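A quick write-up on the structure given underneath.
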Amino acid sequence: MGTIQAVKGTRDFYPEDLAFRRWLYERIREVSEGYGYEEYDGPFLERLDLYAARSGEELVRKQSFVFPDRGGEMIALRPELTPSLARMVAMRSQSLPRPLRWWSFGPFWRYERPQQGRAREFFQWNIDLLGVDSPEADAEIAAIAGALFQAVGLGPDKVQILVNDRRLAERQLSQMGIDPEKRTGVFHLIDARDRMSKPAWDRQAAELGLGAQTVKELDSTLNDRQAWKDSAELTAFFAATEALGVAESVLYDPSIVRGLDYYTGIVFEARDTSGEFRAILGGGRYDNLVSDVGGEPIPATGFAMGDMVIHLLMDKTGVSPTIRSKPTQVLVPSFDVESMTEAISLSAELRACGLRTEWYPTAVRLSAQLKYADRHGIPLAAIIGPDEISSSSVTIKDLRTGAQENVPRSQAGPRLVEIASGAG
RNA sequence: GUGGCUGUAGCUCAAUGGCAGAGCACUUGACUGUGGAUCAAGGGGUUGCGGGUUCGAGCCCCGUCAGCCACCCCA
């Protein structure tokens, strides 16, 4: 190709691609606002220090796009939103009325090897509930995730939200006599269990210094689907998700611990039930983050969902909508050179009636102009040629049904509005 | 950051080391006032890029870039 290549890991959004992104954004907005959440956004650029606070070694050191500004300050393209949210809340923690229900949708960047479901530039939905320290708050957040899946056609048979509580997991490890210092390593081990073979997993467990008896106990704990009953928080959580009507979508899973360091309580992630793709979304409770960036302590819970995996899953399960990127409702063909001015003025009249109207700019064959309308899914055509001009009329054609009628020119706009609104 | 696979038309893919092709899409015509279907024709390529081997490279070799897959990590 002679053209300059796109930046690695970025995506071009042609009109049909942007149409899907906007459609997803609209579903996200409807669901978020349905629970009373306000839209906000942070800057795309942040000081690298912000992430150094808590996000985790890997994310900051290796996966951020970082550059020095002209003053030498290290700046990062935001790899996630939660630290920005914590900073924004911390800066006004005295004046913001609580609880805070905020959501956002925008671009993020991570310097990683692109592959299926993962790019270097991606879009992400963030939704958070701050100022409430209760399992019921976590349950609302999980219910919102379930509501979004429902809204895009991914029912409980296709997506499950898998839930655990770090406090329960830590208690379980303590009961097994596992040193608190080994927790992080053991959490990673737990996280990797379904991706590794049994022998490899046992070997890594041994490397961590876990005895055979401990490994056995750990294994049986990870298979105990009833252990949530030992947790007051999870018991309250599941009672609340049932009341919220999403009981079928949430499931206790003792192997969910999540990678980010700032989670402090209930954690969850959504997976496709076929197990084909990586996590669709992930989140949980992070009660210390706001104070970590300098604010007064505010408990918080929330999640982030990328735009790529859910799209892959929707395509695979056949629930992706077919979206028309062309907004035009009415095409006004240019019948011939002589009537072109009339066609232009007709299109202006139709626009004045509130119709999204497109004038065909060259007087080519009428069949070619109607074919253009057909290819773009434009439902209506308003034809004005020599016959119509001499009788002060317009021929209206509904391309969906093939029906055609001739109306006085003064009636063309109102009649088209009627047809376009489905009343015709 | 590590390892593997693959790069040919807008898309999906052919072509034994010997004339770069097909289907879909696009444009035009069959059809001088009517789209979808059918038929026909046409446009579109520095075979990702750079080097090497060879009489001759889309094909073989080296490098590079990109895509995909598995790690790592995570949305």
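What you are looking at is a predicted structure, and each value in this text was computed from that prediction instead of being measured. Proteins come first, then strands; the chains are lettered A, B, ... in the order of their sequence lines, and each starts at number 1.
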### Task
Give one of base, sugar-phosphate or nothing for A:A119, where a contact means two heavy atoms less than 4.0 Å apart.
base
### Task
For the residue pair A:S84 and A:E46, confirm or rule out a side-chain donor-acceptor distance under 3.5 Å.
yes
### Query
Just checking A:P114: base, sugar-phosphate only, or nothing, at a heavy-atom cut-off of under 4.0 Å?
sugar-phosphate
### Query
Counting heavy atoms not belonging to A:M74, are there more than 12 under 6.0 Å from its CE?
yes
### Message
Around atom OH of A:Y111, are there more than 12 heavy atoms from other residues, nucleotides or ligands closer than 6.0 Å?
### Response
no
### Summary
The contact string for nucleotides 36-43 of chain B, one letter per nucleotide 5' to 3', using protein heavy atoms under 4.0 Å with B, S and - for base, sugar-phosphate only and none, comes out as B-------
#### Entry: Distance (rounded to the nearest 0.5 Å) between A:R351 CZ and A:L346 CG
9.5 Å
### Query
Whole-Å distance between B:rA25 C1' and A:Y372 OH?
17 Å
### Query
A:Q124 or A:T10: which one's nearest nucleotide on RNA chain B is closer to the 5' end?
A:T10
### Task
Using atom NZ of A:K8 as one end and atom C1' of B:rU64 as the other, report the distance to the nearest whole Å.
12 Å
What pairs of nitrogen or oxygen atoms, one from the protein and one from nucleotides 3-8 of chain B, lie under 3.5 Å apart?
from: B:rG3; atom 1: O6; to: A:R113; atom 2: NH2; distance (Å): 2.9

### Query
Are the side chains of A:L218 and A:L189 in touch, meaning some heavy atoms are under 4.5 Å apart?
yes
### Task
For A:R409 and A:S345, test the side chains for any donor-to-acceptor distance below 3.5 angstrom and give the result as yes or no.
yes
### Message
Here's one to test your reading of the geometry: is the NZ or CZ of A:R271 within 45 degrees of the ring axis of A:F277 and under 6.0 Å from its centre?
### Response
no
### Message
Which helical stems does RNA chain B take part in, if a stem means at least 3 consecutive Watson-Crick or G-U pairs with both distances below 3.5 Å?
### Response
B:1-7 with B:65-71, B:10-13 with B:21-24, B:26-30 with B:38-42, B:48-52 with B:60-64
#### Entry: Side chains of A:N126 and A:S104, donor plus acceptor under 3.5 Å
no
### Task
Please state the P separation for the pair B:rA41 and B:rG23 - nearest whole angstrom.
10 Å
### Message
Looking at the base of B:rU34, is there any donor atom on it, or on the side chain of A:Q404, that sits under 3.5 Å from an acceptor on the other one?
### Response
yes
### Message
Distance check, C1' atoms only: B:rU8 and B:rU47, in whole angstrom units.
### Response
4 Å
### Task
Ignoring backbone atoms, establish whether A:Q116 has a side-chain N or O less than 4.0 Å from OP1 or OP2 of B:rC68.
no
### B:rG67 to B:rU12 separation - P atoms, rounded to the nearest Å
15 Å
### Task
If the plane angle is over 60° it's perpendicular, under 30° parallel, otherwise tilted; pick one for A:Y252 and A:F238.
perpendicular
### Task
Starting from the C-alpha separation in whole Å, work towards a yes-or-no answer on side chain to side chain contact (heavy atoms under 4.5 Å, CB included) for A:T301 and A:I266.
CA-CA 9 Å; A:T301 181; A:I266 285 177; over 6 Å; no
#### Entry: Length of the line joining A:F122:CZ and B:rC73:P, which is rounded to integer Å
17 Å
#### Entry: Neighbour count >12 (heavy atoms, 6.0 Å) for atom CZ, A:R22
no
### Query
Under 6.0 Å from the CD atom of A:E26, do we count more than 12 heavy atoms belonging to anything else shown?
yes
#### Entry: Side-chain H-bond candidate by donor/acceptor type, A:S339 with A:D336, under 3.5 Å
yes
### Message
Please report the distance separating the C1' of B:rA9 from the corresponding atom of B:rC72, rounded so that it comes out in whole Å.
### Response
38 Å
### Spacing of A:D12 atom CG relative to B:rG67 atom P, expressed in whole Å
11 Å
### Query
Within the structure shown, what part of the strands sits under 4.0 Å from A:F123 by heavy-atom distance: base, sugar-phosphate, or nothing?
nothing
### Task
Could you check whether the rings of A:F268 and A:F303 sit parallel, tilted or perpendicular, using 30° and 60° as the cut-offs?
perpendicular
### Message
Using a strict threshold of under 4.0 Å (side-chain N to carboxylate O), is an ion pair present between A:D49 and A:R87?
### Response
no
### Query
What residues in residues 383-391 of chain A put a non-hydrogen atom under 4.0 Å from any atom of RNA chain B?
A:I383, A:P386, A:D387, A:E388
### Query
In terms of side-chain heavy atoms of A:Q115, which of B:rC73, B:rA70, B:rG35 is nearest?
B:rA70
### Task
Pull out every residue in residues 143-158 of chain A that has a heavy atom closer than 4.0 Å to any atom of RNA chain B, ordered by number, or say none.
none
### Length of the line joining A:R120:CZ and B:rC73:C1', which is rounded to integer Å
14 Å
### Task
For the residue pair A:Y37 and A:E140, confirm or rule out a side-chain donor-acceptor distance under 3.5 Å.
yes
### Query
Which part of the nucleic acid, if any, lies within contact of A:E269, taking any heavy atom under 4.0 Å across all strands shown: a base, the sugar-phosphate backbone alone, or nothing?
nothing
### Message
Can you tell whether the side chains of A:E418 and A:R415 come within less than 4.0 Å, N to carboxylate O?
### Response
yes
### Query
C1' atom, B:rG43 versus B:rU6: distance in rounded Å?
30 Å
### Task
Send over the distance from A:Y263 OH to B:rC73 C1', rounded to a whole Å.
13 Å
### Query
With under 30° as parallel and over 60° as perpendicular, where do the rings of A:Y372 and A:Y360 fit, or are they tilted in between?
perpendicular
### Message
Going by side chain to side chain donor-acceptor pair (under 3.5 Å), A:D307 matches just one of A:R21, A:R11, A:Q124. Which one?
### Response
A:R11
### Polar pair under 3.5 Å, donor/acceptor by atom type, side chain A:R365, base B:rC31
no
### Task
Residues of residues 16-47 of chain A with any non-hydrogen atom less than 4.0 angstrom from an atom of RNA chain B: list those, numerically ordered, please.
none
### Message
Quick check for you: among B:rC74, B:rC72, B:rG33, whose closest atom lies nearest to any side-chain atom of A:L366?
### Response
B:rG33
### Task
With heavy atoms under 4.0 Å as the rule, sort A:A373 into base, sugar-phosphate or nothing.
nothing
#### Entry: Closest-nucleotide 5' rank along RNA chain B - winner of A:G9 and A:D398
A:D398
### Whole-Å gap separating C1' (B:rC69) and CZ (A:R118)
11 Å
### Task
Determine, for A:R47 against A:E73, whether the closest basic-nitrogen to carboxylate-oxygen distance falls under 4.0 angstrom.
yes
#### Entry: Between C1' of B:rG67 and CZ of A:R11, the distance in whole Å
15 Å
### Task
Can you tell me, in whole Å, how much space there is between the P of B:rC31 and that of B:rA40?
16 Å
### Message
Given A:F123, which partner from the list A:Y25, A:F13, A:F108 fulfils the ring-ring contact (aromatic ring centres under 6.0 Å, His included) test?
### Response
A:F13
